Each structure stands twice: as C-alpha cells, then as structure tokens.
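Keep in mind it's a predicted model, so treat the numbers as computed, not measured.
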Amino acid sequence: MTTQRFLLKGGKVLGADTADLLISNGRIEAMSASITDESATVIDLKGSVVLPGLVDLHTHLREPGREDSETVASASRAGAKGGFTALSAMANTSPVADTAGVVEQVYRLGQEAGLVDVFPIGAVTQGLKGEQLSEIGAMADSVARVRVFSDDGNCVFDPLVMRRALEYIKKFDGVIAQHAQEPRLTVGSQMNEGVVSSKLGLKGWPAIAEEAIIARDVLLADHVQSRLHICHVTTAGGVEIIRWAKARGIQVTAEVTPHHLLLTDDLASSYDPVFKVNPPLRTERDVIALREALADGTIDIVATDHAPHTSETKDCEWAEASFGMIGLETALSIVTKTMVESGLLDWAGVAQRMSTAPASIGRYAHHGQQLVVGAPAHITVINPTKSWVVDRDLVLSKSRNTPYHGYELPGLVTHTFFAGQATMLDSKVIDKAVQ
Amino acid sequence: MSVALSAQDISRALTRISHEILEKNLGSSEITILGIPTRGAHLAARIAAIMNSIEGKEIAHGTLDITLYRDDLRLRAPRAIMPTFIPPIGIQGRDVILIDDVLYSGRTIRAALDALGEVGRPRTVQLAVLVDRGHRQLPIRADFVGKNLPTSEKQSVRVSLTEIDGVDEVVIEGEAN
Amino acid sequence: MRHLLSINDLSATDAIGILDTATELARINDGQVKKLPTLRGRTIVNLFAEDSTRTRISFEAAAKRLSADVINFSAKGSSLSKGESLKDTAQTLQAMGADAVVIRHSASGAAQRLADLEWMSGSVINAGDGTHEHPSQALLDAFTIRKHLGKGASDLKGLRIAIVGDVLHSRVARSNVLLLSMLGADVVLVAPPTLLPVGVENWPATISYDFDSVIPNVDAIMMLRVQQERMSDLFFPNSREYSRYFGLNSERMSVMAKHAIVMHPGPMNRGLEIAADVADSARSVIVEQVTNGVNVRMAILYVLLAGGPLEVGSN
C-alpha cells in the first residue's frame, strides 16, 4: 500500500519553533526548518500549532448494545474531528466488555473504521457488578491487549474486590481506572450537593462521596504496590488527596474532563439535563483547583468521558435523564480556553496531558510519542487564533448532548493525521474509504 | 387640550344629578347607589353625600367593580381588581343607580349589568354619568348626564377628581376630526 | 408574567398584587357570587402526575369559579404512568388547545422543563415539582398570614414565622422561605440537622434545632408533613423521638404568643408532627388555608390568563 505524502509547512511544533514536517509511510520522515518535496501534498500551517495526536483514555463508544446513540465508527469520526488518534472505550457496553470476545470485537470495529486506534478498556468485575473479577488475564492476552480495567459508571466499591484487582493486574503492568463514587452516599443523587442543589430540590451528590473512595484506593494501591488511575476527578478535596499520595510515591494517576475544567453546578438551575453528568458539575472553587492541579501535574491527563445519549434520554425531566455529555469534538478547544488562554499550560504541556501521559498510562506504545523523525505520524494541528461556534446539529457524534451548544470556543482543530493518513483536512473528516 | 368642565361645572352637575335622581325616584328610601371604580366610586360617594344633605338621612351607597365581567380582558394586560362593596341593605328589589365618570362604548355598563345580576335582582337599574361622549357600541343610554360632550373617536376624555388627581376637571385631549 | 414556576418568578409587587386580587376575590366569593365569567372559553388542564387530591381540587374549583373549562389528567389514568414522556404529553395538551397547564410532578424542575422547552404555548403553573417548589401553596400561606396578622399592611414586615419539620424534602418550605422573606417576614427553619439541606445556610432564613426556644417568639408556626418512610432512610430514629422534639403538641402550643397561629399545608400526620387537639384548636387556621387556597389560585389564574393572548417569549 502506497500512502500519500504530506508536507506540513510553517506550523509551530508544540507551539514553539516553526518547522516543516514531512509525513510518509506512517512516520515522520523528515523535520527541519525548511523542507521541499515535489511529490508531497503541501499543507500551509502558518500560525497553527502542531501537536502529537491526542489520546483519550476515557470514552463511551456504546457499541455493542447502544448503536442508536453511538458506534465505534461514528465516535471515530468525532474523535478525528477533535484531533484524537486514539480512544479508550469504556467497558459499560451491552454486553459488558468483561470477556476477550467483546474487547476483541470493539478493537476490530476500531480497526475497520480506521480513523483512530480504539483501545478497549476491560471491566474489572463481571457485568460491572462489583462482585467477581472478570477475565482480566484473557482480555490482557487478547488481540486487544487490554491494559486498562475499569467498571466506570460503577465504582468498584468493595474494598476487597478493589484490592484483588489491583494485585491481579500487576502480572502484566495493567492499571485499574476507578470511578470514585461511594454508592451509599449517592443513592438517587442528581447533582453536586451544595447551595444550588438545596435551592433546586435536586438530591445532592456530596464531594466526600468521591474523596472517600480516592483516599481508600490510594492507600490500597500503596499497600499492594500497584497502579491506580482515578477517573474524572471533580473536587478540590480529591485533588488534595492525590497530591498527598503522589508526594508519598504512590503509583496513582488522575484525569480531569474538559467539562469539569469549565462548567459549574449552577448550570443545573435550568433543569436542562444536558448539564446532568456523572460525576456532577461542581463549584467554581473546585474548577479552579482542578485547573491548578492539571497545571502542576497533580492531575496527569485530560480525558473526555465522552458519553453520548439519544435525545429521548435527555429531552425530559432532570431526574429521568441519563448522565453524560459528549466531548470529543470540543475537548481541545475547552482545554485551550481554560488552560492555554489562562496561561496555566503551554502547548507542550497540553501535548503532555492529552497525548503523552494518557498513552503512557494506557501503555499505548505507538501513541503519545515525541514529534521527531522516525516517530509514528500521529499528528494534530490546531489553529489557536481561530474560534468557532458549537452547533449540536453539526456534531459528528451520533448524539447531540453537548453542553456547549451556542458557545464560541477558541482554537480550531484543522488537521489530524493517524499513522500518516489524513483523517481530517481543513476541519473536514476524511473517511477511510476516501483515503 | 381643552377644559370641558371646570371644578365648579362638576360640582353643579353633581348637585343637579342628585336632585334629578331624587325627583325621578320619589325620594331616597329605595335607592342604592353603586359607583364603578375608580372614579365612578368617588363620584358615587359625592352624590350620596349631596343626597344625604338634601334628604337628611343616609343613602345606601357602595361600589361595584366590573373588571371580572369585562369582555375586553384579553385585549390588554390584566388589570387590578378593585373593591366591590354592596351596602348591607343589598340591591334586591331596590332602585340601583350606577355611577360612572364617562359613558362611551357602553361596554363597561354592560359588564356592570352582568355583575349586578350575580348579586341580586334590583327593581330598576338606572345610570348616571358625569360625561356622555357618544359613540355607543351597545344599546345603552344614561338616565342622568352631567354634560354631553360631542367628541371624535380619536379624542380622549380625561376626568380628574381631587380624591385621586388633586384637581376637579374634565379635559378633552387630541384634535377633533 | 406568563408562567408561575417558582417564587423567583415574582417580585414583591407581583406577589402583593396576587394577594390583593385574592382578597377581592375572597370578598366576592364570600357573597352570593359563586361564578364569574372572567375565563369563559379558556381551557385549563390539571396535569397531575403525582397524587394530590387537595391541590387538584383547589385548582379545579378556582378555574371553574372563573368559568374556565377544566380537563383533569391524573396520575393513574394518564399516559405519564405508561412511560409516555413529559414532552409527548405536553404536545398532546398543546394539540388540545390548553391555555394553561397546572402541573404536579414528582420530578424537581418538571414545570420549568415544560415551560422552557416551548413544547406548548400556554401558561405553566407549578402545582408542586418534586422537592423544589410549590408557589401557589406559599402564596396561600402568605395570604393567610397577612389576613390574620397583617394589621392592614400589604406585606409581612415585622412578622416572625417558624417553618418546622422536613425542610429537606419540602417544596412548601422552599417556596415559603422565598416568598415570606421577600415580603419582609423573618423566617426561622426548625428541624433536626438531618432534615435540613446542605446549603441551607445561604437561604434567607435562620436555622434552629431547638423548637422549644423558638415557639414563644414567633407569630406563626407552619408545620410540615413528615413522611413515615424517612425513618427507614435514617433521618430520625423513630416517630416517637421525632414528635418529642419537633412535634407541635398542646403543651408547646400553650407557650405560643397570644395572637400566634398554627398552620399546616396538609395532609397532616396527626400525632406525628402535629397533635390532633392542636390541629383542631382555635389557633389552627389549617381549614381556612384550604378555603384561601381557592381564592389565591383564582387570583393566580386571573393574573396569568385574564390578560390578552401572550406572544411566545413574552414574560
């Protein structure tokens, strides 16, 4: 198979020095101040920033089971649109990804779509029930080579189950990604517990319900010397615990979602379930703490928790509605708005938190590499000087549940290259068949 | 803008109307006077006071708000409901004198007749107004009129009373045809 | 004003206007007049997705006294209980030409969703949404308080009112705190800490865990219904202990100020939050609250519906 050659001219690599990049045969073939190549398609990137392809450690692709809300193929297109070259697919599908068969199916669907690498996450427990360990070893040994295990959507609540899971995955250098939610403190919970929930009469979801599990699990990870990843941290208190754990040398990593970096619980005042998400939107104070933690490395990565839902599960009363928001297509813009424009992160920092670190946590060796000659050509280009307006009717996800409808966001992702193939050119996704 | 009735004109008109009501009804004993808020209620109080002094005894008088009976409610923003006060003697079998400031389309009086019908069955219902400006839209006429003011429909008639406006006068605003 | 979803939709002037209108309507209703032609030809739908006989009947009586046509959609018979969405139901009501929907729903915010999503063009009146608000109840409570204690004033300045019981789950409490404080009253919330929401410290009210210390210093005591099932959710040990500390019995009533009144939105749990002899005492205005409810709801319907047909988006 001969592949198209691309010459990316004049972009700022990691937002710093201007360089030309020549992409060929899936790799960065050359990189220097000025390259000429007659046979390559030249793309002028003056003013744009060149980043390594983004890696999302936390998405819900809904296939198998809920193909009406998303498929691996549709999410792959949304991912390419957002600048992603790798997506981790959470296990809460139907059937649950708790066997080698399901994870291989999801992996294969990703390969077929061909726009990103889809890395299935395996369930920690059978059926996400929190009781019996699923076939973790078989999933790790499968074609999908699963390294991240999570019951996300549910908390691995039983401390003994959590301990065993953390121990078991050491065999193949896996990681448990915990959805930190103490279930008894969150029965029927609808939104962050605080001033706003008291006014709205919506059942509160206390910050402590998240923090208690984080605290327990960092101690467990320390005790069994295993790798723990905390999904979607949302509270200032959770940040403090992780900071403490890291200082102790505990092998814990943590993620924050774009929406928790921007949105606050007062948005629930509209009772519009597009703002209903698990874990819930918190307060301004938490948002500030999360941004600082992402900047100082206490929180390692940004992950979208892309959670597509059909309109009938959102076009209803708040209490009836499903939890979750889509996020693939807006993630980099939200990070630009909250972290880059605020001066908290430079583009190298963004690359670290949205590509290098998530690839490292997931052990996705082919992704998150430095932009150097010979590296796999997973590349994302963003024009930070351009802004765009989010329109839920134009998203590539099959679902429209974006909380940013009508927002003007900074930073337009214009090009994505996945293993040397252009998956997006000039903000238009290029499907595999066309490539 | 032109002044159609001065304070003195109004005073004289109310005195004359009071006398006419008493004359037509052969005294005050069967009369219940009901003013239509806001200004009609004040006019009713004045007329009752004049009649009291003529007759030397209390005339039954009160107010009748017609807001809830209007047929034009949907044409404008909701209006405040004004007090209705029916004197203890009631209206059953009585000669009810409705008092309003201006008689124009007649719709207010139609609403007042509906409102009265819910309260009881008077022997007669009569109408006294300070000003009749014409342009009736319903077959309604006044029994007692302070002054007939020929106006065009483009004009408006503004009645001021000291109780509310600090001055007694009736002015016509806007140009005639 | 197009909808009544929350007390926050009202200014103090709006609220006083509704109370004044209700006062006049009460005088008319006290006389011989049982029916007014004001809303003739208007259709009002009572959409009750949760059982509440008294509120539904109150709104129905109010609408009928204003000559509106009333259609009742109740929980058991309605399609809401068959899994039809609120959206589909709203669109059905719109197709039926409802000028207003009075909605009672177990989900907080249901009334606002109905209003905001433009599923229908009519007015939406919140008759209780989950644990959020119940604005018509607060208005009738304010009306009752003003009538007994207002001394002719239009607002409630200088009055001190205790709201006692399950504030956490009470839409009546939420609406009353907003309305009574807006009208100038001092509101004190009395409850065990388990039945006060986190964040209550930001409400325009003071908090007390000690009912006995509050009783002598208030002009009105509003008791809230306490549901037996709260016990199993660990909000209090048992009903005896609840009554001992937060029930209004005759002994407690005896230390109330001479003029002070006892209120309850109903339905009461006699013997739990309120003793039977207190509920039936001369201080109790509980039955009168029901009567006032019809007048206040007539006033609400009048203010929302008697005006001209409103353009979508106007407020």
Side-chain angles (χ1 to χ4, degrees), chain A residues 183-211 235 237 264-276 280-286 309-322 392 400-401 405-406, chain C residues 5-8 49-50 80 83-91 103 105-119 124 126 128-135 166-175 177-178 189 195-205 207 232-234:
Chain A
R184 285 287 288 155
L185 287 173
T186 51
V187 175
S189 292
Q190 296 293 324
M191 67 171 296
N192 179 50
E193 181 167 62
V195 176
V196 183
S197 66
S198 82
K199 280 186 199 148
L200 297 182
L202 290 173
K203 186 142 192 292
W205 186 313
I208 169 72
E210 177 170 324
E211 294 154 3
T235 74
T264 50
D265 63 349
D266 53 307
L267 288 163
S269 302
S270 64
Y271 289 104
D272 185 341
V274 78
F275 300 112
K276 180 175 174 178
L281 301 177
R282 303 288 188 183
T283 66
E284 184 79 37
R285 184 180 148 264
D286 295 302
H309 288 289
T310 55
S311 66
E312 64 269 20
T313 66
K314 285 289 189 181
D315 234 5
C316 57
E317 306 88 302
W318 181 283
E320 291 292 310
S322 301
R392 63 185 166 216
R400 303 160 72 244
N401 54 311
H405 178 64
Chain C
L5 308 174
S6 159
I7 293 298
N8 288 323
E50 186 184 79
L80 281 177
E84 181 174 315
S85 73
L86 185 62
K87 179 179 181 174
D88 292 335
T89 304
Q91 286 171 339
I103 177 174
H105 200 289
S106 59
S108 299
Q112 189 174 324
R113 288 292 281 163
L114 202 57
D116 282 355
L117 284 169
E118 304 295 346
W119 290 329
V124 176
N126 182 3
D129 61 327
T131 55
H132 176 225
E133 281 212 47
H134 193 352
D166 185 359
V167 175
L168 178 63
H169 299 98
S170 176
R171 50 193 169 214
V172 175
R174 278 177 183 74
S175 286
V177 166
L178 293 173
L189 297 170
L195 290 175
L196 289 166
V198 169
V200 73
E201 59 279 3
N202 288 59
W203 291 13
I207 311 295
S232 53
D233 294 335
L234 308 171

- prompt: Any side-chain heavy-atom pair from S108(C) and L200(A) closer than 4.5 angstrom?
  reply: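 Not touching, per the 4.5 Å side-chain cut-off.
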Spacing of CG belonging to D129(C) relative to OH belonging to Y271(A), to within rounding of 0.5 Å: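 The CG atom of D129(C) sits 5.5 Å away from the OH atom of Y271(A).
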query: Could you give the distance from NZ (K199(A)) to CG (L178(C)), rounded to the nearest 0.5 Å?
result: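 Going from the NZ atom of K199(A) to the CG atom of L178(C) covers 8.5 Å.
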message: With chain A as the partner, which of S106(C), G109(C), A107(C) has the greatest number of non-hydrogen pairs under 4.5 Å?
response: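 Highest number of heavy-atom pairs under 4.5 Å: G109(C).
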task: Please answer whether the main-chain N or O of S269(A) pairs with a side-chain N or O of Q112(C) as donor and acceptor at a distance below 3.5 Å.
output: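 Yes, Q112(C) side chain to S269(A) backbone: donor-acceptor pair under 3.5 Å.
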Closest heavy-atom pair and its distance - [X], [Y]:
{"X": "R113(C)", "Y": "K314(A)", "result": "NH2-O, 3.2 Å"}
{"X": "T131(C)", "Y": "L202(A)", "result": "OG1-N, 4.4 Å"}
{"X": "A110(C)", "Y": "E317(A)", "result": "CB-CG, 4.1 Å"}

